[in-house]
J.: 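Structure in structure tokens, see below.
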Amino acid sequence: MSLATPSDYSLARDLCSYGYFLLEPNLWDPKSGVYSTTLNIEGLAVTVRVRQGEAIGAPLVVRADCVLGASQRRHVREQLVRVLRLDEHAATIAEFHGIDPRFASTGRGRLMRSATLFEDVLKTVTSCNVTWPSTLNMNRRLCAVFGTRSASGAYSFPTAAKLARARPTTLRARCSVGYRDVRMVGLARIFAAAERGKRSELDLARLVDSGTPDQAVFDALIELPGIGPYAAANILQLLGRYSRLPLDTESIRHGKTVLGFKGSPAQIMKKVNAHYEPFGAHKFRSYWFELWSHYEQKRGPSWMWERETTGKTFTAALLD
DNA sequence: GGTAGACCTGGACGC
DNA sequence: GCGTCCAGGTCTACC
């Protein structure tokens, strides 16, 4: 199938814009410029290969590894639109560049995310209190153990319903998630209940409703098991809300080495937060693409990173 | 409201 | 090859 893109869209740039593009089930091949992933489509695992022609704004060509019906094709389309941020129009990105012109020349503005909100939440939990290689490992194991296998042998990310039935001890033993086991199964149960439309601690419709204030979404997220201030702010940006910063040790490193701030870690965090305040609703984009530019100075353009080589090397200490 | 300590895994390092 | 140390957010208990 063919997917229309915004007029300023670049698959290589806009996919390779956030670390999750290095996590399974995602795979970007720098040599061929093909993005592949395995989606869960109504219980069927479908591996898709996505490529774009040479021109910016050219449509995407999507090939699946099996024959799909009309409803399945619609779901593939919806999930790819979410992952690739095809719903963020050129005008929105131009608005960001009006506020922060530093990224107008590269066109940076879109942030890649996962096929579902549940996957974004779980990926965020796998990135808390671990170094990046462990995050890579947890996502690989989660897909291999609890994902669904496609015709071409790849695995999708587990659904909330599947993980909700898992034993925490199995997650710990087979996916190396450590003490996150109970929290992850707890999250899966909450999401599975919400997806079934049952009474749940989580109102999914309210989370994705653009009319809901950021503070209300943050308050709802922070009530979830395993979700603290950092994770909630990160999920907020994955929901397309850029007014808050997920502050972590990377923020402190960036504050010290790039922005030249001095003081205790807590003081530096406050300074970093205040530094990006002028960017308002686009605060996170300015922060993130500044950080991302720093990574690219150290490691080369992100669309040249490979999951199994460059992708494994990201730790704060190595980026100082 | 602020903070100390426990929670796990995997990599680095010393022996 | 083994033991020790360290990085990394969240959560609970306590002041």
Side-chain angles (χ1 to χ4, degrees), chain A residues 18-20 22-24 114 118-146 158 163 166-191 201-202 215 217-239 244-258 263-273 284 287-288 291-292 294-295 298-299 306-320:
Chain A
Y18 193 66
Y20 291 1
L22 294 165
L23 300 178
E24 291 197 22
S114 303
F118 175 66
E119 183 178 341
D120 272 339
V121 170
L122 266 278
K123 276 185 159 53
T124 299
V125 172
T126 67
S127 73
C128 287
N129 201 30
V130 281
T131 52
W132 184 245
S134 291
T135 304
L136 286 163
N137 189 39
M138 282 186 236
N139 279 277
R140 189 174 66 244
R141 302 296 306 153
L142 282 168
C143 291
V145 176
F146 294 102
L163 270 191
R167 277 204 296 264
T169 47
T170 311
L171 245 80
R172 181 181 292 228
R174 300 192 63 194
C175 305
S176 303
V177 302
Y179 64 87
R180 298 164 196 78
D181 56 355
V182 173
R183 297 172 192 178
M184 290 169 89
V185 172
L187 283 167
R189 288 178 181 161
I190 291 167
F191 269 82
E201 298 149 65
L202 194 63
Q215 184 64 47
V217 177
F218 184 88
D219 291 344
L221 291 170
I222 211 159
E223 288 299 314
L224 297 171
I227 306 299
Y230 163 81
N234 195 54
I235 297 164
L236 228 52
Q237 71 85 5
L238 291 161
L239 283 165
R244 282 173 184 254
L245 298 186
L247 294 165
D248 60 0
T249 50
E250 262 301 273
S251 320
I252 297 167
R253 182 202 57 74
H254 188 72
K256 274 201 244 182
T257 62
V258 176
S264 68
Q267 288 169 328
I268 291 172
M269 268 199 192
K270 277 189 181 170
K271 288 177 185 175
V272 169
N273 196 41
F284 177 76
Y287 162 77
W288 182 255
L291 222 74
W292 203 247
H294 178 70
Y295 297 160
K298 299 275 181 180
R299 291 286 187 276
E306 287 179 330
R307 190 171 68 192
E308 301 306 319
T309 54
T310 324
K312 284 187 174 172
T313 64
F314 288 89
T315 63
L318 286 170
L319 291 165
D320 270 348

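Please read all numbers here as calculations on a predicted model, not as lab measurements.
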J.: Side chain of A:T131, heavy atoms from C-beta onward: which of C:dA7, C:dG9, C:dT10 has the nearest atom to it?
T.: C:dA7
J.: Taking CZ from A:R180 and P from B:dT9, how many angstroms apart are they, rounded to a whole number?
T.: 9 Å
J.: Both A:N137 and A:R183 contact DNA chain B. Taking the nearest nucleotide for each, which residue is further toward the 5' end?
T.: A:R183
J.: Select one nucleotide: of B:dC7, C:dG8, C:dT10, the one nearest the side-chain heavy atoms of A:V130.
T.: C:dG8
J.: Decide side chain to side chain donor-acceptor pair (under 3.5 Å) for A:S251 and A:D248; before the verdict, give the C-alpha distance in whole Å, the side-chain angles of both, and the deciding distance to 0.1 Å.
T.: CA-CA 5 Å; A:S251 320; A:D248 60 0; 3.1 Å; yes
J.: Under 4.0 angstrom, heavy atoms only, what part of the nucleic acid is A:I222 near: base, sugar-phosphate, or nothing?
T.: nothing
J.: Output the single nucleotide from B:dC8, B:dG10, C:dT10 whose closest atom is nearest the side chain of A:S176.
T.: B:dG10
J.: Other residues, nucleotides and ligands only: do more than 12 of their heavy atoms fall within 6.0 Å of CD on A:Q215?
T.: yes
J.: Near A:K256 NZ, under 6.0 Å, is it more than 12 heavy atoms from other residues, nucleotides or ligands?
T.: no
J.: CE of A:M138 versus C1' of B:dC7: gap in Å, rounded?
T.: 12 Å
J.: Within the structure, does a side-chain N or O atom of A:N129 lie under 4.0 Å from either OP1 or OP2 of B:dC8?
T.: no
J.: Does OP1 or OP2 of B:dC8 have a side-chain N or O of A:R172 closer than 4.0 Å?
T.: yes
J.: Distance from A:H254 atom NE2 to A:Y295 atom OH, nearest 0.5 Å?
T.: 9.0 Å
J.: Give one of base, sugar-phosphate or nothing for A:D181, where a contact means two heavy atoms less than 4.0 Å apart.
T.: nothing
J.: Angle between the end axes of the helix from B:dG1-C:dC15 to B:dC15-C:dG1, five pairs per end, to the nearest 10 degrees?
T.: 30°
J.: Under 4.0 Å between a side-chain N or O of A:T249 and OP1 or OP2 of C:dG9?
T.: yes
J.: For A:Y230, what residues pass the side chain to side chain donor-acceptor pair (under 3.5 Å) criterion, not counting sequence neighbours?
T.: none
J.: Quick check: does any side chain N or O of A:N273 sit under 3.5 Å from a backbone N or O of A:M269, one acting as donor and the other as acceptor?
T.: no
J.: Using every non-hydrogen atom in the two residues, find where A:V130 and A:R180 come nearest and quote the distance to one decimal.
T.: CG1-NH2, 3.0 Å
J.: Report the distance from atom CG of A:L221 to atom C1' of C:dG9, rounded to the nearest whole Å.
T.: 16 Å
J.: Less than 3.5 Å between a donor and an acceptor, one on the side chain of A:Y230 and one on the base of C:dG8, is that the case here?
T.: no
